[in-house]
**Q** 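The structure is given below, and queries will be raised subsequently.
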Amino acid sequence: MSLVASGMGIAALLALAILGLNLATGARFASLLTNLGLWLIIAVGFQVFVGSTGTISFGHPAFVALGAYTGGILTLPPAMQRIALPDLPGWLAGLDPGLWPATIAGGAVAALLALLIGPIVMRLTGIAAGIMTFGLLVIVNEMIRAATPLTRGNATFYGVPRLAGLTEVLVVVVLVVGIALAYKFSRWGLRARSVAQDPVAAEMSGISVVTSRLWAFVLSAFICGIGGALMGFFLTAFSAQSFYVGMVLPMMIMVLLGGMNSVAGALTGAVLLTFWEYVMRLIETGGMGISLPPGLSQLTLGAGLIAILFFRPSGLWGSREFFIAPVGQTRKGDNP
């Protein structure tokens, strides 16, 4: 069984486990589990870029925002459009393509932006690249705030139909894992990682440094845009602030915690962070019979991240991936 197929199989088992937990608890934690699924998509999307290029990005919440607003604009009911977006351009009014076309459109808009700015951003590395991606986040956020006829500006964008639930989100998780693994082990993914390890040697071998990084950037933006569209369909109301600086740190922690070079690591980091924050919020509010000072979740999370980076700089999984071993093969991980 190929690594892509077996990786998707593991992701499907994870999805079934989440669905089983939701069923066993009478959907009591449906909101938490759906939020986990959304973060699984976003974390994998972020990992595609970070793991392939070795460049930390502060701008990926911009792609999530574009996906959310694109999906929301395309599916807003006509009656709600007249109330919330009275100045919406005529060619956008009345459109209702449905969940999946609107979700793909959200990813496509994010990917288009990445394709347009990528040739400039991908020429940079290190701190310069980080600053440039943060500038991208600020610019997109300000554009959303300024585009009042489309986004309601600083006001809450409301009225989005709840089209995405736990099942739809988990289906996308499995597909996204397959896409990420297929890219990682494709020639394009291998070229991007070779550029990350030694750009001079890669360029001398005939590999375009900018192009190799660019396709990782575009695919990453597409996945994050899809995650943003689904997040919009789940939240039904959001604002530009929902996809701003506060989203950067969870993305980075999830990927660094599990291993920035591993799709399985991104999944693991998203699961650990989501449930750790939930448990710590319960403790802070006295929900578990213990009442501790607010802010403890951030304190413990920071301490845990420092410990992991000290003892496991490559994260919990390094560059390994989950896969289902063929009959007679006993290994449970691989590092191609």
Side-chain angles (χ1 to χ4, degrees), residues 32 34-68 106-107 110-111 113-114 121 127 129-141 144 169 172-173 176-177 179-180 183-184 213 216-232 234-235 238 240-278 297-298 301-302 304-306 308-309 314-317:
L32 173 66
T34 305
N35 186 61
L36 168 61
L38 293 168
W39 275 109
L40 289 172
I41 297 169
I42 293 170
V44 169
F46 187 59
Q47 188 278 330
V48 166
F49 175 69
V50 174
S52 299
T53 65
T55 302
I56 294 295
S57 168
F58 299 98
H60 272 62
F63 301 130
V64 181
L66 288 175
L113 175 63
V121 179
I127 296 176
I131 294 174
M132 177 69 80
T133 56
F134 182 74
L136 167 66
L137 175 60
V138 174
I139 291 171
V140 170
N141 188 267
I144 290 174
V169 169
V172 176
V173 169
V176 160
V177 168
I179 292 171
Y183 171 76
K184 178 177 180 179
R213 291 171 177 163
F217 192 53
V218 171
L219 179 59
S220 176
F222 178 73
I223 295 174
C224 286
I226 285 177
L230 291 174
M231 184 172 286
F234 174 65
L235 296 175
F238 46 84
Q241 191 64 29
S242 304
F243 312 103
Y244 201 34
V245 178
M247 187 175 271
V248 175
L249 189 58
M251 279 188 186
M252 296 179 62
I253 290 176
M254 288 174 184
V255 173
L256 292 175
L257 182 62
M260 61 183 287
N261 297 315
S262 169
V263 176
L267 297 176
T268 303
V271 171
L272 291 177
L273 180 61
T274 299
F275 283 104
W276 179 256
E277 288 188 332
Y278 175 74
S297 59
Q298 287 80 7
L301 185 62
L305 181 62
I306 291 173
I308 289 175
L309 291 177
S314 59
L316 295 175
W317 288 101

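Source: prediction; values computed, not measured. One is the number of the first residue; the rest follow in order along the sequence. These numbers come from the heavy atoms of this one structure, side chains and all, not from hydrogens, waters or symmetry mates.
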**Q** Is the shortest heavy-atom distance from the side chain of His60 to the side chain of Val50 under 4.5 Å?
**A** no
**Q** Checking Phe58 against Met251 for the side-chain contact (heavy atoms from CB on, under 4.5 Å) test, could you report, in this order, the C-alpha distance in whole Å, the side-chain angles of both residues, the deciding distance, and whether it holds?
**A** CA-CA 9 Å; Phe58 299 98; Met251 279 188 186; over 6 Å; no
**Q** Quick one: pull up CZ in Arg213 and OG1 in Thr53 and give me the separation to the nearest 0.5 Å.
**A** 7.0 Å
**Q** Any heavy-atom pair between the side chains of Pro250 and Leu273 that's under 4.5 Å?
**A** yes
**Q** At their closest point, which heavy atom of Ala110 faces which heavy atom of Ala221, and how far apart are they?
**A** CB-O, 3.4 Å
**Q** Can you check whether Met247 reaches Trp39 side chain to side chain, under 4.5 Å on heavy atoms?
**A** yes
**Q** Is there a side-chain contact between Leu230 and Ile226 in this structure, where contact means two heavy atoms from C-beta onward sitting under 4.5 Å apart?
**A** yes
**Q** Would you compute the distance between atom CD1 of Ile56 and atom CE of Met260 and round it to the nearest 0.5 angstrom?
**A** 4.5 Å
**Q** Are side-chain heavy atoms of Val271 and Leu40 found at a separation under 4.5 Å?
**A** yes
**Q** How close do Ala43 and Met254 get, counting heavy atoms only, and between which atoms?
**A** CB-SD, 4.0 Å
**Q** Taking the side chain as everything from C-beta on, heavy atoms only, tell me whether Ser52 gets closer than 4.5 Å to Tyr183.
**A** yes
**Q** In a check of side chain to side chain contact (heavy atoms under 4.5 Å, CB included) between Val140 and each of Ile144, Leu137, Val138, which one passes?
**A** Ile144
**Q** Is the closest side-chain heavy-atom distance between Ile223 and Val48 below 4.5 Å?
**A** yes
**Q** Roughly how far, to the nearest 0.5 Å, is CZ of Phe234 from OG1 of Thr34?
**A** 4.5 Å
**Q** Taking side chain as C-beta onward, heavy atoms only, is Leu113 less than 4.5 Å from Leu136?
**A** yes
**Q** Apply side-chain contact (heavy atoms from CB on, under 4.5 Å) to the pair Thr268 and Leu257, showing each step before the final yes or no.
**A** CA-CA 8 Å; Thr268 303; Leu257 182 62; over 6 Å; no
**Q** Please round to the nearest 0.5 Å and tell me the distance separating atom CZ of Phe217 and atom OG1 of Thr133.
**A** 7.5 Å
**Q** Rounded to the nearest 0.5 Å, how far does OG of Ser57 lie from CZ of Phe46?
**A** 5.5 Å
**Q** Which atom pair, heavy atoms only, marks the closest approach of Leu38 to Met231?
**A** CD2-N, 3.6 Å
**Q** OG1 of Thr55 to CE of Met132: how many Å apart, nearest 0.5 Å?
**A** 12.5 Å
**Q** For residues Phe243 and Ala65, report the shortest heavy-atom separation together with the two atoms involved.
**A** CB-CB, 3.5 Å
**Q** Looking at Phe238 and Gly232, what are the two nearest heavy atoms and their distance?
**A** CE2-CA, 3.6 Å
**Q** Which pair of heavy atoms, one from Val44 and one from Ala180, lies closest together, and at what distance?
**A** CG1-CB, 3.6 Å
